[in-house]
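By convention in this document, chain letters (A, B, ...) are assigned in the order of the sequence lines, proteins followed by strands, and residues within each chain are numbered from 1. The model shown is predicted, which means the values in this text are computed figures rather than measured ones.
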Amino acid sequence: MPAIHFGDGSTAKNVEQAGQQHRRLSSPASSKLQRMSPASPSVTMNGKINGVHPNGRQPAVNGSGKAGLQSRKRKHVYMDASDDEPADTKGHKANGVTINVNGRDQQFRRNSGNLNGTSSAGSSKSRELQEQRKQLPIAQGREALIEQIANHHVTVLLGETGSGKTTQVPQYLLESGIAGSGIIAVTQPRRVAATSLAARVAAEQGTTLGGLVGYSVRFDEVAGPDMRIKYMTDGMLVRELLSDPLLTRYSVVVVDEAHERTLRTDLLITKLKTILKKRNGGIFPEGKGKGKAAATSGNPLKVIIMSATLDAEKFSKFYNNCKILYVKGRQHSVKIYHTAESQVDYVDAALRTFFQIHVDHPPGDVLIFLPGQEDIESLDKSIRLYANRLPVDKMAVMTCPMFAALPPAQQAKIFQSTPTNTRKCILATNIAETSITIPGIKYVIDTGKHKEKLHLAHDTGSGFDALLTRDITKSSAMQRAGRAGREDKGYCFRLYTEEAFEAMAVSSEPEIRRTSLTSAALQLKCLDEDIEDLDFMDRPDVESIMSALKSLWFLNAIDKSRRITDAGRSMAAFPLEPNLASAVLESVKNTCTLEVIDIVSVLSSTSKLFFDISDEREAAAEVRRKFRHRSGDHMTIVNALRSYQDVAATESKAARKEWCRKQYLNERTLLEAIKIRDQLRATCEKMGIDWRTSAQDDEKLVTKSLFRGLVLHSALLQPDGITFKQVYGRSVIKIHPGSTLADQKVPAIIYDELVYTNHIYARGVSAIPKAFLAEISIQIKNWVA
DNA sequence: GAGCACTGC
């Protein structure tokens, strides 16, 4: 195998040499860095004007400030924030306050290997935990932090990985009395984070989970009357807004991981701004008059925005230039190498780089970031093939694929300890970037690619998604590199040039600018707010808003003057996308709620119901025939779900699992769907809807109900007898070959989604009579009139 | 005649 060349002609073979080379090139920056690093832990409070993290600054993965992540260009030099900012930030107008803390990395890790839902809280005694708390980097800035938060209604806290902000800040708020008698809500983008953090903080407080500290995520809540700190998913708090628009239960809302900019986080940030105005007396407290505004309301709210990287100033600007606090974290240094030339075949480059590391570098596990399952499986095969040919005196290689769709048992393999004289090689998607932390990683190989779902909106509200392999962003590249420095110093080999890195976007577009806004628009309508009028950090595209409103109008969720309808309010009550919620409401009229809820439960599950394994497609299709329903894929889902329940009623857990495997059914999807179904049935009961009504053998009732929600996803057969044309759009589409209706000649269809590969394919397809289309077009004309 | 990253109620 020819070697891959990294850096300026140096190969990965000689790390020290390559490292020296890199240091030399960046020497002006690194000498400055070393000078600026405080020699001992210190807390620097500075009320003067100081730009904290000027625009474009990257996160400091290399917390110690030694050689590593810095590039030649000054604007990407990583450093400790301090008084001694480079010239380009002088005079930068911001109310920044720097809390500069050095501290030791802790053994405790967030989200650490929590696939099995076990708590990351140790069994250590309370005293040990208290000692650990004091050792966290943030602990040294505790008093300064408390003072700042006490005196301001909004605080932006920029804390690096390992600073301890997420576990400690809520406890400081509680212990200092700032939170008053209200609840402290701490939002997280991911469920596992919310549950494992709550467990950890409960242990630190010496209470059981559900006492002082609780959590709330979908399907799972541990809370009690004494709860003062509540970790929750951002989606849960958005949902609470619908019943309590001012969030009166909470005295503090901490929005964590705000830099991820999920749609729900952005919604919260926007709504919190208006809630602050209402609860805190209309005006934000600026530097002067701090604390006074709180007196204008009996129940003031404090907001803390926590971010790991970048964007801190953007958050601050959004909240009338509120204070930015900065807490340093502690990470071990990671040396980064770029390839000397760009690589055409990243899978091949990853293969060769892995063996360069394996042959020439000391023990330590390797994590390779790849875009998807297909590349992972192909590289996995290649690595195992070559590993078998290694000389016997070399370490063995153990490969571990890792992606979300992988069965949990195989996912767990990455957390098993590596056998002696063996190097573990983990081949992972983005899942290893934020969702899970894998212990023992010393080397990261970064292909620089990921998969991205692009929503191609259409002015009619129809549109389709395409999943494309694209370049990652700089912040993503930094995050990936950081995965090598969790436990000790590490190395990151980027399979792209330094120029390619420089050309990457700083961070990805916020979700609000990429995703369908139909659901968000409906929720806001429930609060009597219009998505088009709201003050967002990043405003969504006009086309995207129009597409969302048009969809809502087609679903009869809003009327022609854009006011929410009764039906719209009912739809918002369901934890479903509005189109599926609309199908459920329609099923009430058509007396088939039982079947429709079964279907939408599966459709809104995370993964697909049927496995699609390319090598076993024939066998899968054969087995699937017995679930097949002539009307199409939706009733086929009902058949499969019912068959599973028959099996589940009598068989053991192991037998159920085996049955699913033989049917090429994803049991994880079935179990999730059943949970969702229970939740939907409960929602129906609250609304006085009888969910037990069944279509019996009249499946047209079911397709008619689904059609109501999928109006915009309807298409008519063209004269060629093969392709379909969208009724409310211009695209010409085909039925996906995996559908039960592939090769069937039906006059009109509805579909769940369109996927764009070499054709635009409709997936999740059912046949409908053309008469349905005629009926709806009359209804639509009547609304317009 | 097929090729799906991740997350949320």
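For A:Lys734, the salt bridge (charged side-chain N to carboxylate O under 4.0 Å, His left out) criterion is met by no residue, not counting sequence neighbours.
Contact check on A:Arg190 versus A:Glu260 returns a salt bridge, with a Lys/Arg side-chain nitrogen under 4.0 Å from an Asp/Glu carboxylate oxygen. A salt bridge links A:Lys608 to A:Glu753: one of the charged nitrogens lies within less than 4.0 Å of a carboxylate oxygen. Under a 4.0 Å N-O distance rule, the pair A:Arg261/A:Asp538 qualifies as a salt bridge.
A heavy atom closer than 4.0 Å to some atom of DNA chain B occurs in A:Pro575, A:Leu576, A:Glu577, these being the qualifying members of residues 570-580 of chain A.
Residue A:Gln373 has a polar side-chain atom (N or O) positioned under 4.0 Å from OP1 or OP2 of B:dA5. Applying the 4.0 Å criterion to OP1 and OP2 of B:dA5, one finds that A:Thr469 has every side-chain N and O outside that range. A sub-4.0 Å separation between OP1 or OP2 of B:dC4 and a side-chain N or O of A:Arg763 is absent. Applying the 4.0 Å criterion to OP1 and OP2 of B:dC9, one finds that A:Thr233 has a side-chain N or O inside that range.
With contacts defined as side-chain heavy-atom distances shorter than 4.5 Å, the pair A:Tyr215/A:Lys230 does not qualify.
When the nucleotides B:dT7, B:dC6, B:dA2 are ranked by their closest atom to the side chain of A:Phe403, B:dC6 comes out on top.
With hydrogens and angles ignored, no donor-acceptor pair under 3.5 angstrom links the side chain of A:Glu511 to the base of B:dC6.
Nucleic acid contact for A:Asp234: none, since no nucleic acid atom lies under 4.0 Å from a heavy atom of the residue.
In this structure, A:Arg494 satisfies the cation-pi test against A:Phe501, with its NZ or CZ atom closer than 6.0 Å to the six-membered ring centre and inside 45 degrees of the ring normal.
Residue A:Glu753 contributes atom CD, which lies 13 Å from atom P of B:dA5 at whole-angstrom precision.
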